[in-house]
Protein chains: 2
Amino acid sequence: MRTEDLPEIRHLPLFRNMLQANFDDLMRGAYAQNFPAGLELIQQGQPADFLHVVVEGSVELFSGWQDNRCTMAVVDPIGTFILAACIKDAPYLMSARTLERSRIILVPASDLRAIFRRDPEFAVSVIGELASCYRAMVRHAKNLKLRNSRERLAAYLMKQSQGRFGDESFKLNVEKRLIASYLGMTPENLSRNFKALEAHGVKIEGQTVTIFDRRALEAICPLDRLLDGADEHSTQNGVGLPFGI
Amino acid sequence: MRTEDLPEIRHLPLFRNMLQANFDDLMRGAYAQNFPAGLELIQQGQPADFLHVVVEGSVELFSGWQDNRCTMAVVDPIGTFILAACIKDAPYLMSARTLERSRIILVPASDLRAIFRRDPEFAVSVIGELASCYRAMVRHAKNLKLRNSRERLAAYLMKQSQGRFGDESFKLNVEKRLIASYLGMTPENLSRNFKALEAHGVKIEGQTVTIFDRRALEAICPLDRLLDGADEHSTQNGVGLPFGI
DNA sequence: CGAACCCTTGACAGAAATCAACTAAGGTGG
DNA sequence: CCACCTTAGTTGATTTCTGTCAAGGGTTCG
């Protein structure tokens, strides 16, 4: 793996506080790889062999059942995924595929399990990371159960617009069909919801979204700290969402 | 707190492997309390002060937004809840209320955070517990996104019927309205779905459910290891579900 | 006994999925 | 450079699913 990747990985909340010797051990067994867009990195149901760290590009986590599939999250740099499966030594609950050309570090799950047992600081970091992932998934489930599809879209747009320059106009960084799946609706329904929101302070032009009347949009769906907030130090935070609220 | 509670708590996966001295420290700051049915133990948004351990009775975890509310999980003995909020020192994402007369142990969150930092074995247990909670919530979200309401009910009934004596007839151990909310539908819709399933191998009489043709029910909704399974050692496992599949 | 409350049922309204057709954009290969 | 193909996105028509409102039966509990 490229040595220039190491400092950035070392700086991750998950690896920041562990002993250097243990970090070195962990990285010795690890290797980096470049993948083209659209490649399926892991399939749900497979045994968890590697913790994945996204260094460049982005990865979709998704699930399938019968003929249905749905997006569960998108992981951007620098983020990790399927930590929980690695720790439990259990099958992946989600599949993963690259959305673009991506550079991924693969850390053997067995090394991971061995090292957090002997490095208490690392164990504490893993605890923090898992707690964040858990809370993110609780929010995701709450969002699905407590809001209808139009409200979910409104909240998504407001959350996306935060933490960006200008705070008014921004570009969607993933396909609309993926957003639809992430928000639990069909692409057709998303399209109609976009249109419906044009009467409530939002303008859509291709990939560009402009919130020209935030108050009107908030009237449709006020953001909520317990639904739309994000914990600090989370590395896997839904569809590329900035922190805050 | 009653000393007869201690061995049972000590036997929990979460506390099983920690040093006796640390367990004693943790329990010194803890206290047990009996609560009547229907009491709201914690409210979403409050700071996380205590890890809760259900020794007797049962507790509903639920969330609200605007005028909506939904059940997220039910915790039975011996189970813990809101571990993640305690660890992150963050506000609760869910509220909790007793469903019946319950005995709960309250463990100060600050003690918890201090002790997993100095007891690596305990940290490892916390990691395992959080990973299980995370995976349970992933399953919950997948269930909501990949199945319709009738399929969710069918899967719920099959899962409930497992691990019980006879494997054919059993009693629902919570109110139907709560099951409805847990499964993401209205009570009216649940009622209609029950009726609809009577043509597919299920008989409902009050609280008693009989699956007289499991194959017919599986045709409606086959169980799936990645959706309906449960990790071992999880303490908080949805609406009082037995493990397995 | 009355007052809640849960559950059910029916009628209806609204939300969302499906099916089909069409447009637009992007990439490929001649 | 253009014709072609593929795919994402949109739109309309329709069906299906789900929620809402209202009423009634049954049970529990004070």
Please step through salt bridge (charged side-chain N to carboxylate O under 4.0 Å, His left out) for the pair D228(B) and R147(B), ending with a clear verdict.
CA-CA 12 Å; D228(B) 308 292; R147(B) 285 173 173 158; 2.8 Å; yes
Determine, stepwise, if the pair Y182(B) / F62(B) fulfils side-chain contact (heavy atoms from CB on, under 4.5 Å).
CA-CA 9 Å; Y182(B) 175 69; F62(B) 64 98; over 6 Å; no
When you look at D5(B) and R103(B), which way does the salt bridge (charged side-chain N to carboxylate O under 4.0 Å, His left out) test go after all the steps?
CA-CA 10 Å; D5(B) 289 334; R103(B) 183 170 177 79; 2.8 Å; yes
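Between R214(A) and E218(A), at least one side-chain nitrogen of the basic residue sits less than 4.0 Å from a carboxylate oxygen of the acidic one, meeting the salt-bridge criterion.
Residue-to-nucleotide contacts include no donor-acceptor pair under 3.5 Å from the side chain of R192(A) to the base of dG9(D).
For the 3.5 Å distance criterion, the side chains of T71(B) and E60(B) qualify, holding a donor opposite an acceptor.
Of the candidate nucleotides dA17(C), dG9(D), dT11(D), dT11(D) has the atom lying nearest to any side-chain atom of K195(A). Taking the side chain of E175(A) as heavy atoms from C-beta on, and the options dG9(D), dG19(D), dC7(C), the nearest nucleotide is dG9(D). Among the nucleotides dT18(C), dA22(D), dC7(C), the one closest to the side chain of R177(B) is dC7(C).
Remark: C1' of dG9(D) and CE of M185(A) are 15 Å apart, rounded to the nearest angstrom. Going from atom CG of L153(A) over to atom P of dG9(D) covers 13 Å, rounded to whole Å. The CD-P distance, from Q207(A) to dA25(C), rounds to 12 Å in whole Å. If you take CD of E198(A) and P of dT10(D), they are 10 Å apart, rounded to a whole angstrom. Whole-Å rounding puts the L190(B) CG to dC6(C) C1' distance at 12 Å. For the pair R147(B) CZ and dA17(C) C1', the computed distance is 19 Å after rounding to whole Å. Between the CZ atom of R150(A) and the P atom of dA15(C) there is a distance of 8 Å, given to the nearest Å. Atom CZ of F194(A) is separated from atom C1' of dT10(D) by 12 Å (rounded to the nearest Å).
The side chain of N189(B) contributes an N or O atom lying less than 4.0 Å from OP1 or OP2 of dG19(D). Phosphate proximity of dA17(C) to T186(A): present, with a side-chain N or O under 4.0 Å from OP1 or OP2. Listed pair S191(A) / dG9(D) fails the phosphate criterion, with no side-chain N or O lying under 4.0 Å from OP1 or OP2.
Residue E188(B) is in base contact, counting any heavy-atom pair closer than 4.0 Å across all strands shown.
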